[in-house]
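Worksheet: the structure to be examined is printed underneath.
In this chain, numbering begins with 1 at the start of the sequence shown. The shown structure was predicted, so the numbers you read here are calculated from the model rather than taken from an experiment. Order of listing sets the numbers, starting from 1, for every ligand and every atom in it. Excluded from the calculations below are hydrogen atoms, water molecules and symmetry mates; all remaining heavy atoms, backbone and side chain alike, are included.
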Amino acid sequence: MKLLIFSKILFVFFLAQSVYGQNPLFIPPSLTGTTFNLDVQTGTQNLYPGNPTPTYGINGPFLSPTIIVNKGDIVTLNVNNGLTVATTMHWHGLHVSPSNDGGPHQSIAAGTTWSPSFEILNNAGTFWYHPHGEGKTELHVGKGLAGMFIIHDAVEQSLGLPQTYGVDDIPLITQSKAFDVLQQIAIADHMDTSIMVNGTIDAFYDAPAQVIRFRMLNGSSMRSFNYGFSNGMTFYQIATDGGLVETPNPLTRLLLAPGERAEILVDLTTMNGQSFQLMCYGSEMTNGIFGAPAVGIVPDVIDMYDDNPLNGADYELLAINVIAPTASPVTTIPSTLVPYTPYFAVNADVNRSLVLDTIRLLPIDVPNLAEGPFGINGEVFDMMVNNIYVPLNSTEIWTLHNKTHIAHPFHIHDIQFNIIEKNGLPPVISEQGWKDVVLVMPHDSVKFITKFITFEDNMVPYMYHCHLLHHEDDGMMGSFIVSSSIGIDEVSLSGNDDLQVYPNPSTNNWEVKSNSIKGEYKVILTSLIGEVVYESQGKSFDNETTISIPTADFIEGIYLLKIQTLKEEFQTKLMKTN
Ligand code: C2O
Ligand code: CU
Ligand code: CU
């Protein structure tokens, strides 16, 4: 223990003494227009000399381009999966239909292209995109598949904010990664000691002496960042996850958990020639947050937590050197931005409670309240189950109860929400606005309000989950279906071992076989809300008979297959994918 503490001090000392910023900050190339070709591919990066690291990237070996669009655009995104494994692509924070959302149900097979097309409905803001494959999010994001998704709108453009990408409007995707002994990116590893901004290790950025807009995204798998500047200067938060706030918030610290975004303005107009650093002040983070001095009640309740020199430390993220201003710089910070009209709690139609807790695999399990496996409302994610039915246009208050020793950033797809309270108190100013991720502290509760508007789909669910990626991959995720169909009752689904249906999931047809079904039979296929989508009957079902159900015309989602004979009924759940 002594030795570890000593090496930790040495490491922090080394961080403090090293020459800041060796490598110019990479600015991901931008893509504009309405048709986007995103080629997902493998590559290698020389992140550490002498040991090329296998990576994933879009339109390049590592990381992903920045997509820039305008509200109201109708965009088509051709996601061409050049990997040898399936992936998905999710537009985090965007208000799109479930089948365009890119969650685990929209799997893109190796060598195929998925082309969602939708209207940009969100207001101006900083969003992002990343894979969301079942159990594979951390692997694919960690290897480099993460990009920024910027939306502009007319109101924002009239405010005089810096908006020239790469000049005064700068993406800062902060990520920590773990590497194994061969300098290969390691997954579900708590020794995430390499800090990258836009994929650059030990980065510096030459910032012109004017007002600069930084779009901050915490794209890490686990680590939260408590951002601040080494010179102590005030910066102005102008946007939360879902877009602009009412007035710029003057701050000296800003905490972002994985998945969260913020836009900030820094006024460098009088600082030409100065150098300072964007820092993470980990020593000031509240215990329980991954990256704080401690998580759990005893040291190392998370494997290796105490050995990671970044935990509880203050360290550099990006060195900034102020250089001469550009030709027509922005030099002022607007005093007001956009009106903010949150939802009102009195208008809520439904209250729901979600408990974030350890899943006890066996009755004798001793729960480890900081390392999982975690679930929501006692369940782990199951592709075949829909957890919550939300009526279209329902205004809802969701209360999140964290029963564990670690803070979980809770994220919900489809909509933006307003935090009503955290442990009974209104949220801090930096969390007042439109949000799609909220950090729920250990043994704390959070209430948010939202309205499920625009999109409904009886078959394809949206996701909610913890944005610590290995928690998500391990099943700390659930699904919800938004539908205007009345009287939705969750169908009770009991699988039948004897009923064999393949392939499942399927794109074209299901072949049904059984050993115990005999004689006359009827096949009924229903959607999750009980609508019959297919019916057929036959005279001689026995173990030689195979029933074939054509599925090409079905929309993707979960179906219930029932086979009725004169005596019995057999049923199983099936999934249709595109
Ligand atoms: Cu950023 Cu469901 O994900
Ligand atoms: Cu999302
Ligand atoms: Cu979590």
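- Around the Cu ion (ligand 3), the protein N, O or S atoms found under 2.8 Å comprise His408 ND1, Cys466 SG, His471 ND1.
- Taking the ring centroids of His405 and His443, they lie under the 6.0 Å cut-off.
- The Cu ion (ligand 2) has His90 NE2, His411 NE2 as its protein N, O or S neighbours under 2.8 Å.
- Here the protein contributes His92 ND1, His130 NE2, His467 NE2 as N, O or S atoms under 2.8 Å from atom 1 (Cu) of ligand 1.
- Figure legend: Arg253 and Tyr281 shown as a cation-pi pair, the cationic atom lying under 6.0 angstrom from the six-membered ring centre and within 45 degrees of its axis.
- Across His408, His411, His90, a single residue satisfies ring-ring contact (aromatic ring centres under 6.0 Å, His included) together with His465, and that is His411.
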*Going through the distances and angles, do His95 and Phe455 end up as a ring-ring contact (aromatic ring centres under 6.0 Å, His included)?*
CA-CA 9 Å; His95 183 47; Phe455 299 108; 4.9 Å; yes

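- His467 and His130 have perpendicular rings, their planes meeting at more than 60° on a 0 to 90° scale where under 30° would count as parallel.
- When only modelled atom types and interatomic distance are considered, Asn80 and Asp39 share a side-chain donor-acceptor pair under 3.5 Å.
- A side-chain donor-acceptor contact under 3.5 Å links Asp473 to the backbone of Thr137.
- For Val79, the side chain to side chain contact (heavy atoms under 4.5 Å, CB included) partners are Leu38, Val40, Met89, Trp91, Ile108, Trp114, not counting sequence neighbours.
- In this structure, the side chains of Met285 and Ser224 come closer than 4.5 Å at one or more pairs of heavy atoms.
- Phe290 and Tyr305 have perpendicular rings, their planes meeting at more than 60° on a 0 to 90° scale where under 30° would count as parallel.
- Formation of a donor-acceptor pair under 3.5 Å by the Thr200 side chain with backbone atoms of Phe26 is found in this model.
- Remark: Glu156 engages Arg213 in a salt bridge, criterion side-chain N to carboxylate O under 4.0 Å.
- At a threshold of 4.5 Å between non-hydrogen side-chain atoms, the residues Ile415 and Phe452 count as touching.
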